[in-house]
> 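Here it is, the structure in full.
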Amino acid sequence: MINLSVSSLFQKFSTEKLSFIKKIEPWVRNSIQSFDKLQERVWEIYTFYTHRLPSDGLMTARLIRMGVSSFKLYVLGQMQGYYGRRNFLPVDRENIVVEIKTHFPEQETMIVKIADQLCRGEFNIFSSGATDMRRGNQSWQLDWQRDPITQHRYSRLFSHWRWDVFKMRPGNADVKGPWELTRCQHFMTLGQAYWLTKDEKYAECFAKTIQDFIQKNPPGFGVHWSCTMDVALRIVGWLSGLTFFQGSSFLSYSWWKVFLKSLVQHGNFIVANLEYGTFHGKLIVSNHGVSDFLGLYWLALNFPHLDAACVWRGIAETALEQQIQLQILSDGGDYESSTPYHRLVVEMFLSAYALSLQAGLPLSDAYRDKLLSTLRFITVLRQKNGRMPQIGDADDGRAHIFTGYGLDATENMDHLLVAGATVLNCPDIAQTVLKEAWVEKLFWATQYSKPLEIKPIEPVTLLPEFGVSVIRQNETYLLMSNSVVGTRGVGNHKHNDQLAIEWIIDNQPFFVDGGSYIYTQDPDARNRFRSTRTHNTVMVNEQEQHTVNPAWLFRLEQNGEVEFGKPLITDVGVGIEGGHSAYGRLSPSLLHKRRVLVLSTGTFILQDLFEGSEQHALRWYFLLYPGVKVRIEANNANVAILEGPLGKARFEAEQVKWTVEEGWYSPGYNKRHKTLALVGLIAESQRTEKEFFFIGQSSLDVEQDIESAILIANKFWSSACQ
């Protein structure tokens, strides 16, 4: 009874109290919020203006934990190079210089030219052109907050906790511009020029640029601390460049003190702000997380004595081993549904593996085998001239750039094949790479001891988990993509490209994926480039395959399922079938299947099948590679004559009549070129068939007419089903 009385009294008191609070709730809530915001801003301003580097005492305490008795002695040791080789980058300067001058003389000219531009403060970031990024007269006084594309400048005075990519940007600035600048991936080019010329101006630019960054960008404040990925890749850029400048007089005692203290701040920040997230209750780690772990790993293995209790190495090594198994699919593809992001994560995983070999602490055999599969994946998709198809997003992201800094090379991954062949001791990976790409080998001075081999490429190769098939027959290359929404359903870098194709004959691309172009700077363009209507597939009733919310720039919601059939190889040719049920949600529902058959002559026959009601409008789209001209035959609008600088082709439809529209092709981030697209429409009122045939051939003359092509295709697929 006593408990009940107390309980009822408490309940009555609580009810009366809640009633009182509700009466004054708006005033209370607004007052508390205003006061808290004021406190946050006071903390922010105070912290910004009173930030300090770690003290000498704190640095000594960290070092004592790792067996070094004095910070000052440690600084002197680093200055004199007593701690030996730091990473897998070469230290034999004279041999590297001889190799470049003897075997890659054009590289010497290019390296020095670009390095001189950098010493004038001129950067070419995302096709900005030679943009002067200085805020003063000196090359190292960079305008860190300025976007090189729009020239808008971000504020310095906000903590990373308050960062909002849209609310805090000036004008239409793109934050990727200043992020790319502060990754400092140009330091390797400065270092190579320093080795080639022995000119100390490059060392001065390197050393003072780092000093300037540290002075102007306190930890945790401004855009350069708003994304942990860029903090981590900045460390990789700094330490990669450091290899070339060891011993320069510009790396003085005072410089080393500041540099080492900033490394500790970077490491602590990364650990405190690792990029994990949850989606529908699932823990998600993307390329951002891999970048975080790579930065920690470079720190831990380059400066192990700063890694108190080996925390950095422990986190990084454990996470890298885990993430390569989670993010790399069994067929070698990256689980973010993007080939350009595949390049980024493979470069990061390869960099970590090379570090582990050089340190005598090799990552596991399971890690090595997954890494090997990622490189085979590249060889499968690589086209004859080295071009890689762009499936999904592209932002030109790199772990580090040892060769070709500032040059457009998004469509090429030969540098990775060379690096992989070197590190994994697997020459098969880079058999078809051109000579000029082999300069990359000079900067991966470590190798796995046992020679490795990869599985040969078949005439038709299916990578079912990533969702892509590639057919090679005669001089024809035909790719079909059909992947699930990647990153465990987030779809952050996935496009609406179910059953989209690329068609290349010899070295001439004809039908290509349009790329990605841009992210937050232009949301409308972002959504257009990832939409169904700009991919080489069929759009039904003007509906997206997977749901696109215009406000969610890095998310797609998957509709339906995807599937691939088994590759089929006969004397007639090779083929594969794919399908998706994304339009199964329509009323009435519709399923789309696409069959591609490439004959032994190189001619390809495409067949689109639709299971379900005929009450739907269909729109075909085929984007042409820039420079390809198109002519629709005057007396037959079903035939398109294609002519590029490196080849000609004929593309004919059985029922669909072609029109030509203007389109866009993006070879990399913030880059796009006008081109043309073939478009075919079948209105709901016109549609009577459920199968549509198309034929593409390299000759402008009719080698295979559409009627005989249909008979061949039907016979091929009928025999395959038996």
Side-chain angles (χ1 to χ4, degrees), residues 329 331-333 337-339 342 377-383 387-392 457-474 476-486 494-505 509-515 532 534-540 545-546 560-569 573-583 591-599 602-610 618 620-625 649 651 653 678 691-696 709 713 716-717 720:
L329 305 169
D331 55 23
S337 302
S338 161
T339 50
H342 178 89
F377 177 93
I378 295 173
T379 66
V380 169
L381 270 65
R382 182 183 183 273
Q383 295 160 8
R387 181 183 176 272
M388 285 289 292
Q390 290 190 80
I391 300 172
I457 298 174
E458 303 292 337
V460 52
T461 304
L462 172 62
L463 303 168
E465 280 205 85
F466 184 83
V468 67
S469 65
V470 176
I471 295 176
R472 288 180 171 83
Q473 185 82 320
N474 206 314
T476 295
Y477 171 106
L478 197 121
L479 174 146
M480 182 162 67
S481 60
N482 196 33
S483 67
V484 299
V485 170
K494 161 75 173 170
H495 287 190
N496 275 333
D497 57 359
Q498 306 309 134
L499 303 181
I501 66 168
E502 283 213 0
W503 177 35
I504 288 85
I505 298 177
F510 286 106
F511 296 160
V512 292
D513 186 283
T532 308
T534 60
H535 287 86
N536 300 335
T537 186
V538 182
M539 191 174 194
V540 179
Q545 291 171 336
H546 302 301
E561 303 296 328
V562 302
E563 64 176 357
F564 265 113
K566 292 182 179 180
L568 302 170
I569 303 175
V574 294
I576 196 165
E577 177 185 275
H580 73 85
S581 58
Y583 291 123
L591 304 180
H592 179 201
K593 289 185 178 180
R594 173 166 277 187
R595 292 170 173 172
V596 289
L597 165 63
V598 181
L599 305 180
T603 294
F604 92 90
I605 304 168
L606 184 149
Q607 181 182 4
D608 281 319
L609 303 92
F610 299 93
L618 307 177
W620 282 265
Y621 185 86
F622 296 101
L623 185 72
L624 300 175
Y625 191 71
F651 190 61
L678 286 176
E691 293 186 6
F692 298 85
F693 285 88
F694 308 83
I695 180 172
F716 177 87
W717 293 109

> Below 4.5 Å, heavy atoms only, C-beta onward: do Arg594 and Met480 meet side chain to side chain?
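They are in contact (side-chain heavy atoms under 4.5 Å apart), so the answer is yes.
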> For a side chain to side chain donor-acceptor pair (under 3.5 Å) with Gln498, tell me which candidate from His592, His546, His580 qualifies.
His546
> Taking the side chain from Ser469 and the backbone from Leu462, do they hold a donor-acceptor pair closer than 3.5 Å?
no
> With ring centroids as reference points, do Phe377 and Phe466 lie under 6.0 angstrom apart?
yes
> Using a strict cut-off of less than 4.0 Å between a Lys/Arg side-chain nitrogen and an Asp/Glu carboxylate oxygen, indicate whether Arg387 and Glu502 qualify as a salt bridge.
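Glu502 and Arg387: salt-bridged.
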> Indicate the ring-plane relationship of Phe651 and Phe694, choosing parallel, tilted or perpendicular according to the 30° and 60° boundaries.
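Parallel, since the angle between the ring planes stays under 30°.
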> For Gly560, does its backbone N or O pair with a side-chain atom of Tyr583 as donor and acceptor, under 3.5 Å?
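No, Tyr583 side chain to Gly560 backbone: no donor-acceptor pair under 3.5 Å.
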> Side chains of Ser338 and Lys494 only: does a donor on one sit below 3.5 Å from an acceptor on the other?
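Result is no, nothing qualifies.
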> Determine whether a donor-acceptor pair (N or O, by modelled atom type, separation under 3.5 Å) exists between the side chain of Asp331 and the backbone of Gly333.
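Judged by distance alone, yes, a pair lies under 3.5 Å.
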> Under a plain distance cut-off of 3.5 Å, with no hydrogens placed, do Trp620 and Asn536 share a side-chain donor-acceptor pair?
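There is no such pair (donor and acceptor under 3.5 Å, judged by atom type) between the side chains of Asn536 and Trp620.
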> Can you confirm whether or not the ring centre of Phe604 sits under 6.0 Å from the ring centre of Trp503?
yes
> Show the nearest heavy-atom pair for residues Tyr477 and Val380, with the distance to one decimal.
CE1-O, 4.5 Å
